[in-house]
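Here's the structure we're looking at; comments come further down.
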Amino acid sequence: MDPRFQNIVDKMRERQFRITPQRLAVLKILLATKAHPSAENIYEEVKKTFPTMSLATVYKTANLLREMGEISELALKDGSSRFDGNPRPHPHVVCARCKTIIDFDDLSLDSMTAEVARKTGFTISTHRLDFFGLCPLCQKAQST
Ligand SMILES: [Zn+2]
Ligand SMILES: [Zn+2]
């Protein structure tokens, strides 16, 4: 099993969070996906295995994981939000049309962060960098 999964489950137990198969399923999806799902996306996925699952359970579990610093939440301009199994800040590329979000890991912001700190005298704890545009599929849809 994924060591990170086991580690997080242990931490959830320490916090007296009731571990149910539904909550574990939410955690599993968040750790496995690169798709930055919304709570509704996760809900639809878990419901296939657990038909009695509620959307509130998804929110409760995701919010706990966010508080624990195990996942991050991306607020979109339209007021909706997406969840990301990677808690470390990293650049995102967002399609303005279909709202697809992908990670762009090739870009290291370490040197930029160091430069910002040096030039401003701030200590930098986090950063946020998003690129917006149209994904290849949406470009195609637009041109036809
Ligand atoms: Zn798109
Ligand atoms: Zn991401």
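Throughout, residue positions are numbered sequentially from 1 according to the sequence presented. Just follow the structure's listing: the first ligand is 1, and inside any ligand the first atom is 1.
- For the pair SG of Cys138 and SG of Cys98, the angle at the Zn ion (ligand 1) is about 110°; rounding is to 10 degrees.
- Rounded to 10°, the angle formed at the Zn ion (ligand 1) by SG of Cys135 and SG of Cys95 is 110°.
- Asp84 has its closest N, O or S atom to the Zn ion (ligand 2) at the position named OD2.
- By the 4.0 Å N-to-carboxylate-O rule, Arg128 lies close enough to Asp130 to be salt-bridged with it.
- No side-chain heavy atom of Glu70 sits less than 4.5 Å from a side-chain heavy atom of Leu30.
- With the Zn ion (ligand 2) as the vertex, NE2 of His92 and NE2 of His90 span 90° to the nearest 10°.
- Judged by distance alone, the side chain of Gln22 and the main-chain N or O of Met53 form no donor-acceptor pair under 3.5 Å.
- The aromatic rings of His36 and His90 sit tilted relative to each other, their planes meeting at an angle between 30° and 60°.
- Considering only heavy atoms from C-beta on, Thr52 stays 4.5 Å or farther from Lys47 through its side chain.
- Closest to the Zn ion (ligand 2) among the N, O or S atoms of Asp103 is OD1.
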